[in-house]
Amino acid sequence: MPCKRCNGTDFQRDEATGNSFCCGCGTLQEYDNYEAQLGGLKGPQGTYIRVGTTGTGSTLAYRDKKIFDAGNLIDDISERLQLGDKSEEVKRMIGKITDGELGRGEWFSVLIGACCYAVVRKEGSGVLTMDEIVNVVGCDLHQLGSMCKRVVEYLGIELGEFDLVGLFVKTASSSPRLSGLDGKKKERVVKQGGFLMNCSLKWFLSTGRRPMPLVVAVLSFVCQVNGVKCKIDDLARDCEVSLGTCKLRYKELLERLVKVAKEIGLPWAGDVNVKNVVKHSGTLIGLMEAKSMRKKRGDELVISSDGVCLKEIVRDCLRQEAMYCYDDDDDDDEGERSSFLQMVSCDDWWKGKSKMSQRLKLKEVLEKDVGLDDLPVSFIKGCDAVERRREKIKAAKLRIGAVQDPCDDDKVSGRELSLEIGDGKKKRKRGCEIDWEDLVIQTLVLHNVKDEEIQKGHYNALLGLHVFN
């Protein structure tokens, strides 16, 4: 190779450094003294690495290190979830699932969270929501739910009932909005909230739904009842739940209380509505508590020793006679008479002694009487939807018959052709306006689809099966 500077080919090697240089210009030649380290019998020897070790010079096996790190991760997540001694049960459960190999990675953290949830629900000695686990583990909620389902099915665990009252007590006790309340008022808020949580369970407001929005709604309601300034927006922000869902649960709770006021027989029940039920709720909750403490012995109602008879309360309030007092006037011998009605304070009606303020099983809650036995919200909406579709099917058949046989128009009244279907407060005449659902139902009727199938509302499936097939 010629010199890069003068293109000369005369080189000499320095004996001291071993580098070659050009005799013409003295430029050192790069990489001229490079010697390849070839292996062989006389080549350098390497270091033998056993299969299953972490590297050169390590005496800790890969499996042992994996199990050690997994145990530390289980302890860390259990401590952050405040499970205490339950971490050993979590380790035992994970060891049974993984055959003692444990694991590492994102999936293993999700498995730890699912096992923690399963242990708490199995023992029933605490309250742990999936939202708390998601915040600690850092995974998706649906991912955690799927893992919990797989864990429960694999181990054959029977999960206990979710403790709604315990969740409410935990939320109310840790809420910074209630930190400034005195002990007596805070205890009153907690007991009334626990009572309403059991009532909500009886009214199926929590069936198939996430519990935290309902807890926020009940906590906001009892705070208003007891004069605590606390907005539902702040509570929803503290609990990290959707404000819209909390307001929807709050509205459903108010609607149930309005029904209770009418069913329980309040003399002023006609004036109670969603807007003013909070003002009457102090009296209403007290009456519901007294009604829940009544016991049935055959067909006879027996009042418990610490309970109050509802009829007696109302009768005493209505029998209160006006008490008169006279103010003597020096200039006039005739006194001015003023009257006032001594009513029983609604604060005295709430005793906080009902078992409905404590954690009860679903069977015990359903056996209690709080003035209202309601059906699930989804079931009521489903029945209303079926009734609406039944009326639309009837109207569609009338329209089809009027077109196919115009001579029978006189036999069909105009009122039947323009059926009114109530949807909340709005009523529309079917003869004046037809929406997309009417057209779909009419198409299915023309293709001889059974009424029972149409009433289920699976329009896409029916269209694909009977129309576009």
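In what follows, residues are counted from 1 in the order of the sequence shown. Here the structure is a predicted model, which means the values were calculated and not measured.
Residue-environment remark: CD (Glu79) stays at or below the threshold of 12 foreign heavy atoms within 6.0 Å. Counting heavy atoms of neighbouring residues, nucleotides and ligands inside a 6.0 Å radius, atom CZ of Arg210 does not exceed 12 of them. Heavy atoms from other residues, nucleotides or ligands lying under 6.0 Å from CD of Glu453 number more than 12. The number of heavy atoms from other shown groups lying within 6.0 Å of CG (Asp85) does not exceed 12. Within 6.0 Å of CG in Asp182 there are more than 12 heavy atoms belonging to other residues, nucleotides or ligands. Within a 6.0 Å radius of CZ in Arg150, no more than 12 heavy atoms belonging to other residues, nucleotides or ligands are found.
Salt-bridge annotation for Glu252 and Arg256: absent, with no side-chain N of the basic residue lying under 4.0 Å from a carboxylate O of the acidic one. Looking at Glu364 and Lys355, no side-chain N of the basic residue comes within less than 4.0 Å of a carboxylate O on the acidic one, giving no salt bridge. Ion pair Lys381/Asp384 not flagged as a salt bridge, since none of the NZ, NE, NH1 or NH2 atoms sits closer than 4.0 Å to an Asp/Glu carboxylate oxygen. The residues Lys65 and Asp69 are annotated as salt-bridged, a charged nitrogen and a carboxylate oxygen being separated by less than 4.0 angstrom. Remark: Asp374 does not engage Lys202 in a salt bridge, criterion side-chain N to carboxylate O under 4.0 Å. Salt bridge annotation for Glu387-Arg390: present, with a cationic side-chain nitrogen under 4.0 angstrom from a carboxylate oxygen. A salt bridge between Lys353 and Glu289 is absent, with no side-chain N of the basic residue lying under 4.0 Å from a carboxylate O of the acidic one. Salt bridge Arg389/Asp451: absent, no basic N to carboxylate O contact under 4.0 Å. A salt bridge links Lys392 to Asp435: one of the charged nitrogens lies within less than 4.0 Å of a carboxylate oxygen.
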* **Residues Val218, Phe195; criterion side chain to side chain contact (heavy atoms under 4.5 Å, CB included); working and verdict** => CA-CA 10 Å; Val218 172; Phe195 181 83; over 6 Å; no
* CA sep, side-chain torsions, deciding dist, call: Arg177, Leu219, side chain to side chain contact (heavy atoms under 4.5 Å, CB included) -> CA-CA 11 Å; Arg177 311 291 173 179; Leu219 182 58; over 6 Å; no
* Steps toward side chain to side chain contact (heavy atoms under 4.5 Å, CB included) verdict (Ile112, Val137) -> CA-CA 8 Å; Ile112 295 174; Val137 175; 6.0 Å; no
* Asked: Given Leu214 and Met197, is the side chain to side chain contact (heavy atoms under 4.5 Å, CB included) satisfied, shown in steps?
  -> CA-CA 8 Å; Leu214 180 61; Met197 289 301 297; 4.2 Å; yes
* Decide yes or no on salt bridge (charged side-chain N to carboxylate O under 4.0 Å, His left out) for Glu255 and Lys259, but give the supporting numbers first. => CA-CA 6 Å; Glu255 291 173 352; Lys259 290 184 179 180; over 6 Å; no
* Report the C-alpha separation of Glu263 and Lys291 in whole Å, then their side-chain angles, then the decisive distance to 0.1 Å, and conclude whether the salt bridge (charged side-chain N to carboxylate O under 4.0 Å, His left out) test is met. => CA-CA 12 Å; Glu263 294 290 336; Lys291 194 173 182 65; over 6 Å; no
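Taking each heavy atom of Ala114 and Leu144 in turn, the nearest pair found is N-CD1, 3.6 Å. Between Ile232 and Ser220, the closest heavy-atom pair is CB-OG, 3.6 Å. Between Cys246 and Pro213, the shortest heavy-atom contact is SG-CA, 3.7 Å. Taking each heavy atom of Val274 and Val277 in turn, the nearest pair found is O-CG1, 3.7 Å. Nearest heavy-atom pair across Ala118 and Ile157 is CB-CD1, 4.3 Å. In terms of heavy atoms, Trp203 sits closest to Leu372 at NE1-O, 3.1 Å.
Of the possible donor and acceptor atoms, none in the side chain of Gln143 sits under 3.5 Å from a partner among the backbone N and O of Val110. Using modelled atom types, one side-chain atom of Asp140 and one backbone atom of His142 make a donor-acceptor pair closer than 3.5 Å. A distance-only check finds a donor-acceptor pair linking the side chain of Asn198 to the backbone of Met356 [under 3.5 Å]. In this structure a side-chain-to-backbone donor-acceptor pair under 3.5 Å is present from Thr443 to Leu439. Although no hydrogens or angles enter the test, the distance criterion places no donor-acceptor pair under 3.5 Å between the side chain of Ser175 and the main chain of Ala172.
Looking at heavy atoms from C-beta onward, Val215 lies out of side-chain contact with Cys239 at the 4.5 angstrom threshold. Arg188 is not listed as a side-chain neighbour of Val222, based on a closest heavy-atom distance of 4.5 Å or more. A heavy-atom distance below 4.5 Å is not found between the side chains of Leu375 and Phe204. Residues Phe168 and Leu196 are not in side-chain contact: their nearest non-hydrogen atoms beyond the backbone lie 4.5 Å or more apart. Two residues are said to be in side-chain contact when any heavy atoms from C-beta on lie closer than 4.5 Å; Arg209 and Thr245 fail this criterion. Contact annotation: the side chain of Val151 approaches that of Ile97 to within less than 4.5 Å [non-hydrogen atoms, C-beta and beyond]. Taking 4.5 Å as the limit, every side-chain heavy atom of Lys456 sits out of range of all side-chain heavy atoms of Leu462. At a threshold of 4.5 Å between non-hydrogen side-chain atoms, the residues Val467 and Tyr459 do not count as touching.
Considering CD1 of Ile393 and CD of Gln442, their distance stands at 12.0 Å, rounded to 0.5 Å. Between the CG atom in Leu111 and the SG atom in Cys139 there is a gap of 11.0 Å [rounded to 0.5 Å]. For the atom pair Lys86 NZ and Leu81 CG, the distance stands at 11.0 Å (nearest 0.5 Å). For the atom pair CZ (Arg92) and NZ (Lys96), the distance works out to 6.0 Å, reported to the nearest 0.5 Å. Separation of atoms OG (Ser281) and CG (Asn276) is listed at 10.0 Å; rounding is to 0.5 Å. Remark: Leu444 CG to Leu463 CG distance equals 5.0 Å, nearest 0.5 Å.
In this structure, a donor-acceptor pair under 3.5 Å is present between the side chains of Glu132 and Thr129. Tyr117 and Arg121 form a side-chain donor-acceptor contact under 3.5 Å, judged by distance and modelled atom types alone.
Just one of Val272, Leu257, Val225 meets the side-chain contact (heavy atoms from CB on, under 4.5 Å) condition when paired with Leu284; it is Leu257.
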